[in-house]
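When a residue number appears, it is its place in the shown sequence, counting from 1. Just so you know, these numbers use all the heavy atoms, side chains as well, and skip hydrogens, waters and symmetry mates.
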Amino acid sequence: MVESLYYEPHKLILQYDGTNYSGWQIQANAATIQGHLEAIIYRITGEQTRVTGAGRTDAGVHALEQVAALEQTQVVPEVFMRALNANLPPDVRVMNATECPANFHPRYDAKSKTYSYLISGMVHIPSYAR
């Protein structure tokens with residue numbers, strides 16, 4: 001476990017390839033981004049922590065800058081980000097971790113959201129375009 005130094009809520013900027021996931025939100029018997037994060041946070045901190053995302057993604061959907069927040073943690077943001085990335089699968093990365101106000105909500109405080117769609121008629125889609 002990482003040594004806890006103080007209590008502050010955290011904001012995470014995530015990037016992930018959703019090919020192998022059933023979306024963001026925790027689902028019974030399915031691999032999800034939120035589920036992986038919460039399990040790894042428990043492994044790192046020993047705390048059951050809910051991670052709230054700015055929005056939900058469907059199965060197979062990728063994210064370049066998904067914003068999420070933790071209800072609680074006691075680990076310095078930079079150390080926390082390194083610990084998460086060391087334990088997350090390679091297709092999920094924490095790009096940034098910062099302290100945030102206690103009342104911060106990634107969905108309600110969002111100023112904008114951008115969605116991009118790639119539609120292809122190709123039989124075999126190149127891995128870089130997944």
Side-chain angles (χ1 to χ4, degrees):
M1 254 197 285
V2 173
E3 184 177 335
S4 297
L5 300 177
Y6 58 91
Y7 170 82
E8 288 292 335
H10 283 52
K11 172 182 166 183
L12 305 177
I13 305 296
L14 305 165
Q15 192 172 88
Y16 54 85
D17 176 340
T19 301
N20 298 317
Y21 300 94
S22 295
W24 166 265
Q25 190 172 14
I26 290 177
Q27 299 177 37
N29 303 316
T32 66
I33 303 299
Q34 182 185 30
H36 273 305
L37 280 169
E38 291 181 9
I40 289 168
I41 290 166
Y42 179 75
R43 185 182 318 151
I44 293 168
T45 67
E47 301 172 0
Q48 292 282 58
T49 303
R50 175 63 64 194
V51 178
T52 303
R56 296 180 292 184
T57 54
D58 291 331
V61 173
H62 314 316
L64 293 176
E65 290 189 27
Q66 169 77 297
V67 177
L70 311 180
E71 291 179 350
Q72 63 182 345
T73 189
Q74 297 179 349
V75 182
V76 176
E78 296 80 19
V79 174
F80 190 55
M81 181 175 74
R82 287 194 311 266
L84 285 171
N85 283 331
N87 287 278
L88 283 165
D91 52 2
V92 180
R93 293 289 96 188
V94 178
M95 305 308 290
N96 195 16
T98 58
E99 295 175 1
C100 63
N103 63 348
F104 174 73
H105 194 286
R107 185 171 43 152
Y108 303 135
D109 292 336
K111 302 225 184 314
S112 68
K113 293 182 184 181
T114 301
Y115 298 90
S116 298
Y117 299 90
L118 175 63
I119 300 170
S120 174
M122 295 174 65
V123 175
H124 301 286
I125 298 174
S127 61
Y128 65 83
R130 289 192 302 187

- Output for pair (Thr52 OG1, Trp24 CH2), nearest 0.5 Å, gives 8.0 Å
- Please name all residues satisfying side chain to side chain donor-acceptor pair (under 3.5 Å) with Asn87, sequence neighbours left out, ordered by chain then number. Arg43
- Item | Thr98 OG1 to Ile13 CD1 distance, which is reported to the nearest 0.5 Å | 7.0 Å
- Message: Within this structure, what is the CD-CD distance for the pair Gln15 and Gln66, rounded to the nearest 0.5 Å?
- Response: 11.5 Å
- Nearest heavy-atom neighbours spanning Leu14 and Ala68: CD1-CB, 4.0 Å
- Task: Would you mind listing every salt bridge (charged side-chain N to carboxylate O under 4.0 Å, His left out) that reaches into residues 57-70, with sequence neighbours excluded?
- Result: none
- Task: Looking only at non-hydrogen atoms, find the nearest pair between Gly18 and His62 and report the distance.
- Result: N-ND1, 2.8 Å
- Note on the structure: Here the pair of heavy atoms bringing Ala97 nearest to Pro77 is O-CB, 3.3 Å
- Query: What residues form a side chain to side chain donor-acceptor pair (under 3.5 Å) with Thr32, not counting sequence neighbours?
  - Reply: none
- Task: Drop me the distance from Ile41's CD1 to Leu70's CG, to the nearest 0.5 angstrom.
- Result: 4.5 Å
- To the nearest 0.5 angstrom, please state how far the OG1 atom of Thr45 sits from the CD1 atom of Ile40. 11.5 Å
- Message: Going by side-chain contact (heavy atoms from CB on, under 4.5 Å), name the residues that satisfy it together with Asp91, two or more places apart in sequence or in a different chain.
- Response: Asp17, Asn20, Tyr21, Pro89
- Item | Partners passing side chain to side chain donor-acceptor pair (under 3.5 Å) against Gln25 (at least two apart in sequence or in another chain) | Arg56
- Note on the structure: Residue pairs meeting salt bridge (charged side-chain N to carboxylate O under 4.0 Å, His left out), one or both in residues 79-89, sequence neighbours left out, come to none
- Item | Any residue meeting side chain to side chain donor-acceptor pair (under 3.5 Å) with Gln34, in chain and number order, not counting sequence neighbours | Glu38
- Query: Quick one: side-chain contact (heavy atoms from CB on, under 4.5 Å) partners of Asn85, sequence neighbours excluded?
  - Reply: Met81, Leu88, Arg93, Val94
- Message: Would a single hydrophobic cluster contain both Val79 and Leu37, if residues Ile, Leu, Val, Met, Phe, Trp and Tyr are joined by side-chain heavy-atom contacts under 4.5 Å?
- Response: yes
- Query: Ala39: what forms a side-chain contact (heavy atoms from CB on, under 4.5 Å) with it, not counting sequence neighbours?
  - Reply: none
